[in-house]
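Have a look at the structure below, then the notes.
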Amino acid sequence: MKKIFIGIDFAKEKFDAAIIEACGLKEFGDRQHGTFPNDKKGYRQFIKWIKDNCRGTVEDEWLFCGEDTGSCSIGLSKWLYGKGLDIWIENAYSIRHSSGIQRVKTDKADASMIAEYAWRHQDKALLFEPLSESLTQLREIFLYRHKLVQQRVAMEVRKKDKESSGEASRAMSFIKRKSKHLMAEIDKSIKECDEMIDHIISEDPELAENYAIVTSIKGVARQNGACLLIYTNNFKRFDMDARKIACYYGVAPFGKESGTSVHSPAHTSHFANKLIKSLLGQAAQIARIHNPEIREYYERLRTKGKKHSVAINNVKNKLLRIIVALVKKRTVFS
């Protein structure tokens, strides 16, 4: 049973922290607050501050909690994990919408709110576990490739806009020539990223095994395979539950019912990672065309009157269920 709950409000240069001492539903003493630099020197000051304010407790009774803010939260999370301390990195939406109306918005108030969230919901805590070195490298290359693709698309759109305008001038000629050159360079960098992704995966036996299973399904290729490995921590996250993965991907439908007047049809939430949802959508479209089992499933849904968008979302869910089942069985798709 945890007795000390430390809420952390992360920022790039610093972080604010709040301490709550509680047992069961009862809180003891006054809440403590502090601000520290978001670097290793600040981390050491942070731990010393906690020890000074939590005398009579042991580290096993502490629970750290913070919002998932990406690069701002990863440094302290890894440092605390390395010290053997329990830290829970939670989705910001979950914390905000469990805390009622917040009349004061300051870093100090946010840290206190996060500490209270950890105290009230400690039974739901999912302790932080960092990605392996291979997955960390894979994630960086994967996201860098995505940025390159975005740049190429933006340049292609601008180039076509200029061409469609019909203008013929030295400036337009210069822009088109430079755009063509830059897009060729981006294409080269994207290809090198793909080669690096393949190399990182092939060097790690655990990643390589699951990657081979995932990409054995027609429609699921390099980018979706890498995406699944990264965002499921090589399927160690989400307890091998396809429904939980579908929720994270933003493809699990939820309806609303209340009394006799509210009956909303099931629909997906917009609170999801748009990148991975888009990638899964591409996989579903390709699988619908080239995978006989998926094509038959899609056509059966359409025959029943389902809209194309609904049928495709069902295909996304089916793909995730197939993938999780294959990974559990350690077998490829046949």
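None of these values were measured; they are calculated from a predicted model.
The CE atom of Met155 sits 9.5 Å away from the NE2 atom of His181 when rounded to the nearest 0.5 Å. Distance check, rounded to the nearest 0.5 Å: CG of Leu127 to CZ of Phe64 gives 12.0 Å. Interatomic distance, OG of Ser73 versus CZ of Phe15, reported as 11.5 Å (0.5 Å rounding). Note: Ile323 CD1 to Thr215 OG1 = 9.5 Å, rounded to the nearest 0.5 Å. From Trp88, atom CH2 reaches atom SG of Cys65 across 5.5 Å, with rounding to the nearest 0.5 Å. Interatomic distance, Arg288 CZ to His290 NE2, rounded to the nearest 0.5 Å: 10.0 Å.
Taking 4.5 Å as the limit, some side-chain heavy atom of Leu207 sits within range of a side-chain heavy atom of Leu135. With contacts defined as side-chain heavy-atom distances shorter than 4.5 Å, the pair Arg120/Glu116 qualifies. Counting only heavy atoms from C-beta outward, the side chains of Lys147 and Leu143 never approach each other to under 4.5 Å. Between Met183 and Glu156 the shortest side-chain heavy-atom distance falls below 4.5 Å. Inter-residue side-chain proximity for Glu90 and Ile114 is flagged as unmet; no heavy-atom pair is nearer than 4.5 Å. At least one side-chain heavy atom of Tyr144 sits under 4.5 Å from a side-chain heavy atom of Leu148.
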Is there a side-chain contact (heavy atoms from CB on, under 4.5 Å) between Glu67 and Ile95? Walk through the geometry before answering. CA-CA 8 Å; Glu67 294 179 350; Ile95 295 175; 3.6 Å; yes
Let's go through Met1 and Gln122 carefully: what are the C-alpha distance in whole Å and the side-chain angles of both, what is the deciding distance for side-chain contact (heavy atoms from CB on, under 4.5 Å) to 0.1 Å, and is it a yes or a no? CA-CA 9 Å; Met1 176 67 70; Gln122 58 182 298; 3.8 Å; yes
Could you walk me through whether Lys3 and Asp60 satisfy the salt bridge (charged side-chain N to carboxylate O under 4.0 Å, His left out) test, starting with their C-alpha distance in whole Å, then the side-chain angles of each, then the deciding distance to 0.1 Å, before giving a yes or no? CA-CA 9 Å; Lys3 294 181 180 178; Asp60 287 345; over 6 Å; no
Assess whether side-chain contact (heavy atoms from CB on, under 4.5 Å) is satisfied between Arg139 and Thr136, documenting all intermediate values. CA-CA 5 Å; Arg139 180 178 182 274; Thr136 300; 5.8 Å; no
Go through the steps for Asn224 and Val214 under the test side-chain contact (heavy atoms from CB on, under 4.5 Å), then give the verdict. CA-CA 9 Å; Asn224 266 289; Val214 170; 6.0 Å; no
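Partners of Thr35 under the side-chain contact (heavy atoms from CB on, under 4.5 Å) rule, at least two apart in sequence or in another chain, are Lys14, Asp16.
Taking the charged nitrogens against the carboxylate oxygens, Asp187 and Lys191 have no contact shorter than 4.0 Å, which rules out a salt bridge. The pair Glu59-Lys83 fails the salt-bridge criterion, with no side-chain N (NZ, NE, NH1 or NH2) lying under 4.0 Å from an Asp/Glu carboxylate O. With respect to Asp9 and Lys108, no salt bridge is recorded, no charged nitrogen being found less than 4.0 Å from a carboxylate O.
Counting all heavy atoms, side chain and backbone alike, Asn234 lies closest to Asn210 at OD1-ND2, 2.7 Å. The minimum heavy-atom distance between Gly219 and Ile286, with the atom names listed, is CA-CG2, 3.7 Å. In terms of heavy atoms, Leu131 sits closest to Ile230 at CD2-O, 3.9 Å. Cys227 and Tyr249 get closest at one heavy-atom pair: SG-OH, 3.7 Å. Nearest approach of Pro130 to Asn233, heavy atoms of both residues: O-ND2, 4.2 Å. Closest approach of Ile294 to Val315, counting heavy atoms only: CG2-CG1, 3.5 Å.
Both Leu76 and Ile4 belong to a single network of hydrophobic side chains, linked directly or stepwise wherever heavy atoms of I, L, V, M, F, W or Y lie under 4.5 Å apart. Under the 4.5 Å side-chain heavy-atom criterion for grouping Ile, Leu, Val, Met, Phe, Trp and Tyr, Ile19 is connected to Trp62 within one hydrophobic cluster. By the rule that hydrophobic residues join a cluster once side-chain heavy atoms approach within less than 4.5 Å of another member, Ile87 and Tyr117 end up as members of separate clusters. Tracing side-chain contacts under 4.5 Å through hydrophobic residues (I, L, V, M, F, W, Y), one never reaches Ile74 starting from Tyr231; they form parts of separate clusters. Taking hydrophobic clusters as Ile, Leu, Val, Met, Phe, Trp and Tyr residues chained together by side-chain heavy-atom distances below 4.5 Å, Leu126 does not share a cluster with Tyr81.
Atom CD of Gln45 has more than 12 heavy atoms from other residues, nucleotides or ligands within 6.0 Å. Heavy-atom contacts from other residues, nucleotides or ligands closer than 6.0 Å to CG of Asp30 number 12 or fewer. Atom NZ of Lys306 has 12 or fewer neighbouring heavy atoms from other residues, nucleotides or ligands inside a 6.0 Å radius. Residue Phe174 places its CZ atom among 12 or fewer non-hydrogen atoms of other residues, nucleotides or ligands, all under 6.0 Å distant. Heavy atoms from other residues, nucleotides or ligands lying under 6.0 Å from CE of Met196 number 12 at most.
Applying the side-chain hydrogen bond (donor to acceptor under 3.5 Å, both in side chains) test between Tyr298 and each of Glu293, Gln285, His308 identifies His308 as the sole match.
With a 6.0 Å cutoff to the six-membered ring centre and a 45° limit on the axis angle, Arg222 does not count as a cation-pi contact of Phe142. Both tests pass for Lys318 against the ring of Tyr297: distance under 6.0 Å to the centre and angle within 45° of the axis.
Listed by first and then second residue, the salt bridge (Lys or Arg N to Asp or Glu O under 4.0 Å) pairs involving residues 123-135 amount to none (not counting sequence neighbours).
Between the Asn53 side chain and the Trp49 main chain, a donor and an acceptor come within less than 3.5 Å of each other. Formation of a donor-acceptor pair under 3.5 Å by the Gln137 side chain with backbone atoms of Ser134 is not found in this model. Checking side-chain atoms of Ser216 against main-chain N and O of Phe333 turns up a donor-acceptor pair under 3.5 Å. Remark: side-chain polar atoms of Thr331 are not paired, donor with acceptor, to backbone N or O of Val327 under 3.5 angstrom.
A donor-acceptor pair shorter than 3.5 Å cannot be found between the side chains of Arg243 and Asn317. Using a 3.5 Å distance cut-off with no hydrogens or angles, the side chains of Asn91 and Asp68 do not pair a donor with an acceptor. Side chains of Arg31 and Ser112: a donor on one and an acceptor on the other come within 3.5 Å.
Ring-plane geometry between Tyr248 and Phe238 is classed as tilted, the angle between the planes lying from 30 to 60 degrees on a 0 to 90 degree scale.
Ring pair Phe46/Trp79: centre-to-centre distance not below 6.0 Å.
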